[in-house]
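Questions regarding the structure given below will be posed in turn.
Computed from a predicted model, the values in this text were never measured in an experiment.
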Amino acid sequence: MGMALITNVSDYEELAKQKLSKMVYDFYALGAEDQRTLKENREAFSRILFLPRVLIDVSHINMFANVLGYNISMPIMVAPTALHKLAHPEGEVASARAAAAAGTIMTLSSWSSCSIEEVSSSGPGLRFFQLSVFKDRNFVQQLVRRAENAGYKAIAVTVDAPRLGHREADVRNRFSLPENVGLKCFEGLDLSNMDKNVSGLAAYVASQIDSSLSWKDIKWLQMITRLPILVKGVITAEDAQLAIECGVAGIIMSNHGGRQLDYLPSTISCLEEVVREAKGRVPVFLDGGIRRGTDVFKALALGASGVFIGRPVLFALAVDGEAGVRKVLQMLRDELETAMALSGCTSLKEITRGHVSTEGDRIARSRL
């Protein structure tokens, strides 16, 4: 399949699989243990169907979204994913440029292979910083400060990874970092107590994750930064309620792309109860399994304020660098526009719960 024949997001994954080493492809593509959540994130979208309205003038479609007060071109943003340089030598810089060109938000990972500053100086653009909370709180404070100073607009704290999930492919492949790829957020820190071989760095960083992280630490983060704080990794109404009581600026529903606890439900199937709990007090975003513009429409119809995409960015980056990531964002945008037009929606606010039918709706209707 030549470059000209790439017609959808999944085509990039096929091409990336051919291009990347097995170790890198598996690290990006696979999930924890039996990988049921990984599959469920995709399959749950296929069980949601459209109920379009017709004979509506859809000659002008507006996809602008507002996220934490920032206007973006579409409700599709780039999720934080680790180590983009494993896909392409330009790494996160290329992904950030593509997101900026698309007029949307890029979230940089704490596990980035380009530094916070390299990404911010790569050009203009709206950026969030994903924070993993490490045992050394002074280090955490430094990361937050660096993100603030570099002009990042929000901190997304990952809350579903007090330890890393068991990803068997990485164990089998003896995953390690090549010489030319490092965890750039850790550079310049005093890691003198650490064995300097680079392949050990990922294991060292994993060992530094703070498994005592709790709601009081979210409060602490709010005290040390003026940036809005999003919690990433909430999937239940109960935790959504606690997050809102904590004063977070928003919730990113995520099951970590099926890489943490296996046998979690898909994020899309939990979305409505979290949105119901939020009662409009904070925006609810979603990641996990989005591969089509129709998936984005379904998430918006069920109450999401926007979505984040992870793996498609990595696969497109592997295949065609910055241009690949631009193309993935453009394809999703075009597909969302088509879904809106064919559903009779000319702006995001016109997308309603009535435009989709879930399995639950169909079961309820069959009982009538």
Original post:
Quick check: does any side chain N or O of Lys219 sit under 3.5 Å from a backbone N or O of Cys246, one acting as donor and the other as acceptor?
Top reply: yes
**OP:** Answer with yes or no whether the hydrophobic clustering places Ile56 together with Leu336; edges join I, L, V, M, F, W, Y residues whose side-chain heavy atoms lie under 4.5 Å apart.
**Re:** yes
Original post:
Is there side-chain contact between Ile76 and Met63, with at least one heavy-atom pair below 4.5 Å?
Top reply: no
**OP:** Keeping to residues at least two apart or across chains, list the ring-ring contact (aromatic ring centres under 6.0 Å, His included) pairs with something in residues 30-60.
**Re:** Phe50-Phe297
**OP:** Verify, without hydrogens or angle tests, whether Glu33 (side chain) and Leu261 (backbone) share a donor-acceptor contact under 3.5 angstrom.
**Re:** no
Subject >> Electrostatic pair Arg362-Glu359, nearest N-O below 4.0 angstrom >> reply: no
**OP:** Mind checking side chain to side chain contact (heavy atoms under 4.5 Å, CB included) for Arg36 and listing every partner two or more places apart, or none if nothing turns up?
**Re:** Asp34, Asp262, Tyr263
Original post:
Who pairs with Glu335 by salt bridge (charged side-chain N to carboxylate O under 4.0 Å, His left out), at least two apart in sequence or on another chain?
Top reply: Arg292
Subject >> Main-chain N/O of Ala99 paired to Thr104 side chain as donor or acceptor, under 3.5 Å >> reply: no
Subject >> Atom CZ of Arg53 with >12 non-hydrogen neighbours under 6.0 angstrom >> reply: no
**OP:** Scan for side chain to side chain donor-acceptor pair (under 3.5 Å) pairs involving residues 271-280, sequence neighbours excluded, and state none if there are none.
**Re:** Glu272-Arg353
Subject >> Cluster companions of Ile252 among Ile, Leu, Val, Met, Phe, Trp, Tyr (side-chain spacing under 4.5 Å) >> reply: Val67, Leu68, Tyr70, Ile72, Met77, Ile105, Leu126, Phe128, Leu230, Phe285, Phe308
Subject >> Ionic contact status for Asp320 with Arg326, cut-off 4.0 Å >> reply: no
**OP:** List for me each residue that meets ring pair (Phe, Tyr, Trp, His ring centres under 6.0 Å) alongside Tyr25, sequence neighbours excluded, and say none if there are none.
**Re:** Phe315
Original post:
What distance separates Ile116 CD1 from Ser110 OG, expressed to the nearest 0.5 Å?
Top reply: 7.0 Å
Original post:
Remaining members of Met223's ILVMFWY cluster at a side-chain heavy-atom cut-off under 4.5 Å?
Top reply: none
Subject >> Glu40 (side chain) donor-acceptor with Pro265 (main chain) under 3.5 angstrom >> reply: no
Original post:
Do side-chain atoms of Arg97 reach the backbone of Ser122 as a donor and acceptor pair under 3.5 angstrom?
Top reply: yes
Subject >> For Asn71, all residues meeting side chain to side chain contact (heavy atoms under 4.5 Å, CB included), sequence neighbours excluded >> reply: Asn66
Original post:
With no hydrogens and no angle check, is any side-chain donor or acceptor of Gln130 less than 3.5 Å from a backbone partner on Ala156?
Top reply: no
**OP:** With rounding to the nearest 0.5 Å, note down the distance linking CD1 in Ile244 to CG in Asp239.
**Re:** 11.0 Å
Subject >> Taking every non-hydrogen atom, the tightest pair across Ala65 and Leu348 >> reply: CB-CD1, 3.7 Å
Subject >> Pair Gln241-Glu245, side-chain donor/acceptor within less than 3.5 Å >> reply: yes
**OP:** Show your working on side chain to side chain contact (heavy atoms under 4.5 Å, CB included) between Leu271 and Met253 and close with a plain yes or no.
**Re:** CA-CA 7 Å; Leu271 175 59; Met253 289 187 64; 3.7 Å; yes
Original post:
Hey, any chance Leu38 and Tyr28 share a hydrophobic cluster, counting ILVMFWY side chains that come within less than 4.5 Å of each other, even indirectly?
Top reply: no
**OP:** Could you give me the CA-CA distance, side-chain angles and deciding distance for Asp210 and Val140, then say whether side chain to side chain contact (heavy atoms under 4.5 Å, CB included) is met?
**Re:** CA-CA 11 Å; Asp210 190 351; Val140 174; over 6 Å; no
Original post:
Which residues, ordered by chain and number, are linked to Val54 in its hydrophobic cluster, where ILVMFWY side chains connect at heavy-atom gaps below 4.5 Å, directly or through other members?
Top reply: Leu55
Original post:
Would you say the side-chain atoms of Gln260 and Arg167 include a donor-acceptor pair closer than 3.5 Å?
Top reply: yes
Original post:
What are the two closest non-hydrogen atoms of Leu51 and Gly354, and how far apart are they?
Top reply: CB-O, 3.6 Å
Original post:
Ignoring hydrogens and geometry, is there a side-chain-to-backbone donor-acceptor pair from Ser266 to Ala44 under 3.5 Å?
Top reply: no
Original post:
Could you state the interatomic distance from OG (Ser10) to CG (Leu15), rounded to the nearest 0.5 Å?
Top reply: 11.0 Å
**OP:** Identify the heavy atoms of Asp11 and Asn8 that sit nearest to each other, and give their distance.
**Re:** N-OD1, 3.0 Å
Original post:
If you measure only the distance, is there a donor-acceptor pair under 3.5 Å linking the side chains of Asp287 and Ser254?
Top reply: yes
Subject >> Nearest heavy atoms of Leu329 and Ala102, plus distance in Å >> reply: CD1-CB, 3.8 Å
**OP:** Keeping the roles fixed (side chain from Glu90, backbone from Glu322), state whether a donor-acceptor pair exists under 3.5 Å.
**Re:** no
Original post:
Could you state the interatomic distance from CG (Asp136) to CD (Gln141), rounded to the nearest 0.5 Å?
Top reply: 10.0 Å
Original post:
Do Leu143 and Phe134 touch side chain to side chain, with heavy atoms closer than 4.5 Å?
Top reply: yes
**OP:** Hey, could you give me the CG/SG distance between Leu108 and Cys114, rounded to the nearest 0.5 Å?
**Re:** 8.0 Å
Original post:
Honestly curious: do Ile309 and Leu30 fall in one hydrophobic cluster under the side-chain, below-4.5 Å linking rule?
Top reply: no
Original post:
Same cluster for Ile61 and Leu342 if Ile/Leu/Val/Met/Phe/Trp/Tyr side chains link at under 4.5 Å?
Top reply: no
Subject >> Atom pair CG (Leu83) and NZ (Lys184), whose distance is rounded to the nearest 0.5 Å >> reply: 10.5 Å
Original post:
With a 4.5 Å heavy-atom cut-off, do Glu148 and Leu227 have their side chains touching?
Top reply: yes
Original post:
Mind checking what makes salt bridge (charged side-chain N to carboxylate O under 4.0 Å, His left out) contact with Asp217, not counting sequence neighbours?
Top reply: Arg137
Original post:
Salt bridge or not for Glu337 and Arg333, using N-O below 4.0 Å?
Top reply: no
Subject >> Val119 to Ala96 - nearest heavy-atom pair and separation >> reply: CG1-CB, 3.6 Å
Original post:
Cluster question for you: counting only ILVMFWY and a side-chain heavy-atom cut-off of under 4.5 Å, with indirect links fine, are Leu177 and Leu164 together?
Top reply: yes
Original post:
What pairs with Glu350 under salt bridge (charged side-chain N to carboxylate O under 4.0 Å, His left out), at least two apart in sequence or on another chain?
Top reply: none
Subject >> Trace of the side chain to side chain contact (heavy atoms under 4.5 Å, CB included) decision for Ser95 with His88 >> reply: CA-CA 10 Å; Ser95 310; His88 188 276; over 6 Å; no
**OP:** Over all heavy atoms of both residues, which pair between Thr267 and Asn41 is shortest? Give the atoms and the distance, please.
**Re:** N-OD1, 3.4 Å
Subject >> More than 12 heavy atoms from other groups under 6.0 Å of CZ on Arg163 >> reply: no
Subject >> Donor-acceptor contact present, side-chain Ser343 to main-chain Cys345, <3.5 Å >> reply: no
**OP:** Dump the intermediate steps for side chain to side chain contact (heavy atoms under 4.5 Å, CB included) on Lys17 and Glu13, then the final yes or no.
**Re:** CA-CA 6 Å; Lys17 188 170 188 176; Glu13 177 161 4; 5.5 Å; no
**OP:** Report yes or no: does Ser305 contribute a side-chain atom to a donor-acceptor pair with the main-chain N or O of Pro283 at less than 3.5 Å?
**Re:** no
**OP:** List in chain and number order the residues that pass salt bridge (charged side-chain N to carboxylate O under 4.0 Å, His left out) with Asp26, two or more places apart in sequence or in another chain; answer none if no residue qualifies.
**Re:** Lys22
